[in-house]
Amino acid sequence: MHDIRWIRQNAEAFDAEMARRGLPAQSSAILTLDAFRRDAILKVEAAQKARNERAKAIGMAKGRGDTAEVERLMGGIVEDLAQSTVEVLAQREAELTDLLSSLPNILAPEIPEGADESANITLRQHGEPARPNFGAKQHFELGEALGLMDFETAGRLSGSRFVVLKGALARLERALGQWMLDTHSGPNGYTEVAPPLLVNAATLYGTGQLPKFEEDLFKTGDKYLIPTAEVPLTNLVAQQIIPEPVEPLRYTALTPSFRSEAGSAGRDTRGMLRQHQFHKVELVSITRPEDSEAEHERMTSCAEAILTALGLTWRRQLLCAGDTGFGAAKTYDLEVWLPGQAAWREISSCSNTHAFQARRMNARFKRGKDTVFVHTLNGSGVAVGRALIAVLETHQQEDGSIALPEVLHPYMGGLTRLG
RNA sequence: GGAGAGGUGGCGGAGUGGUCGAUCGCGUCGGUCUCGAAAACCGAAGUACUCGCAAGGGUACCGUGGGUUCGAAUCCCACCCUCUCCGCCA
């Protein structure tokens, strides 16, 4: 959601910002609606004022038993001019809100131009891409060879884009999630949350999944399955005026995420890279405006430390304009190197949305006389399913066994390798 | 799912058609008093939109949305949520 007042004063700048997103100029349509709306407000309020004064006068006349005066006042013509104006006003208001809420966030100034991921910028890298000379296998080859990863059965149970994990591999998934959650809720200072996995439409609107991206969601009854824990965690402060968050509010949760993958038919169909259901440890921070940039760096570092501790090779990408998501002002993607695929694949996405979600959610804090929108940030810390893939492919041995990262040993009941 | 009760300002709790944005108590903030504090007393204090250079106006908001009425926190309808009891259930 955009600040209509800012658009009013910076119409050209707003159009320029939308142009960076590849969108045509919007401001004149917005300002036309806004002018209509404000004009209607003046009319409606004037009519309301007149009505109130009249009603009050009748009440007072009745109070002192002046029936003649009551009669006289009641006799006046009722102007229902207001009613049609009220309807026009409601309509304009809805149109304006629809338009404003359908437009993506304004990008941070440092975001590079570019249409797709080829214009993303690598900011840092940890480790060198491994190309084992024994011919590295992909994660599903490894998992299936171990007899612990079963796509066929999952297909029978549910359909494509599901998997059944068994034995040590099922435990590995649990271990990864537990360890990440422990790391973030412990040393990294995030508050662990167990949120609802089904949320209503207003909640999804708050974080920006609705109304534009409904086809990406699974829906059951009048509730939606969360596509990420970002949704419930960020909405923890929705509709609230919180105390000034001098220290950012930091929340983390390990939850399943559900995505319909509507637009990605045929992409990454093999393996568990792109599933309808996956576990993810999510990080969400609520900050004052002046703190969000530093918090973005901190959050991303927390996710990077996870990858490093798992012995993975990773790099941080600053997403270009065309690759930055709808609600984000700035996004860092973390990509891990998958030796089996010989490719960098996204494993975490850390975004600063500035006040974009806060405005939709109406999440604010008090500072002196002012009520200020918070800034919200979210990041994966990290996607469990993809972390599992990365661990398998990175730590595979020539014989097809997997050497488990040391940090996971306690979570694996002492098991140090698979196979 | 069935029956009942209820949703009012930070909290508690009045208010069943009229000058109610809302009595009162607690809490909070400012002041007086005090060496300082407490107590007491005085005062302030919601959110949003909108008009205005400003000072300062206006309008709306008593779970949400409709309706009745000159006038709704109060009456009617629908929905949501909470609580109690019953049933079912991980």
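Below, chain A is the first sequence line, B the second, and so on; all start at residue 1.
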Would you say the rings of A:Phe213 and A:Phe326 are close, in the sense that their centroids are separated by under 6.0 Å?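 Close enough - the centres of the two rings lie under 6.0 Å apart.
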Is the gap between the ring centers of A:His354 and A:Phe373 under 6.0 Å?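 No, too far apart.
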Counting only side-chain heavy atoms from C-beta out, which of [options] sits nearest to [X]?
X	options	value
A:Lys49	B:U19, B:U59, B:C70	B:U59
A:Gln48	B:U50, B:A60, B:C70	B:A60
A:Thr371	B:C49, B:A48, B:C70	B:A48
A:Arg364	B:U50, B:A48, B:G71	B:A48
A:Leu42	B:G18, B:C51, B:G58	B:C51

Is it true that the NZ or CZ of A:Arg360 lies under 6.0 Å from the centre of A:Tyr205's six-membered ring and within 45 degrees of the ring axis?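 Yes.
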May I have the distance from [X] (atom [atom1]) to [N] (atom [atom2]), rounded to whole angstrom?
X	N	atom1	atom2	result
A:Phe373	B:A48	CZ	P	8 Å
A:Met60	B:G71	CE	C1'	14 Å
A:Lys43	B:U59	NZ	C1'	16 Å
A:Leu96	B:U50	CG	C1'	14 Å
A:Phe365	B:G10	CZ	P	19 Å

Report yes if at least one side-chain N or O of [X] is closer than 4.0 Å to OP1 or OP2 of [N]; otherwise report no.
X	N	answer
A:Arg8	B:U50	yes
A:Arg5	B:C49	yes
A:Arg38	B:C51	yes
A:Arg51	B:U69	no

Measure distances between side-chain N and O atoms of A:Lys56 and base N and O atoms of B:G18, and say whether any donor-acceptor pair falls under 3.5 Å.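 Donor-acceptor pair under 3.5 Å: no.
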Return the minimal non-hydrogen interatomic distance between A:Ala168 and A:Leu418, and the atom names on each side.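 Of all heavy-atom pairs spanning A:Ala168 and A:Leu418, the closest is CB-CD2, 3.4 Å.
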I'd like to check A:Arg171 versus A:Leu165 (side-chain heavy atoms, cut-off strictly below 4.5 Å). Are they in contact?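 A:Arg171 does not reach A:Leu165 side chain to side chain.
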Complement of [N], any strand, by Watson-Crick or G-U distances under 3.5 angstrom:
N	value
B:C75	B:G67
B:U59	B:A48
B:A40	B:U32

Would you kindly compare A:Ile4 and A:Glu45 by the position of their nearest RNA chain B nucleotide and give the one closer to the 5′ end?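 The 5'-side residue here is A:Ile4.
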Does A:Asn52 or A:Ile58 map to a spot on RNA chain B nearer the 5' end, using the closest nucleotide for each?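 In this pair, the answer is A:Asn52.
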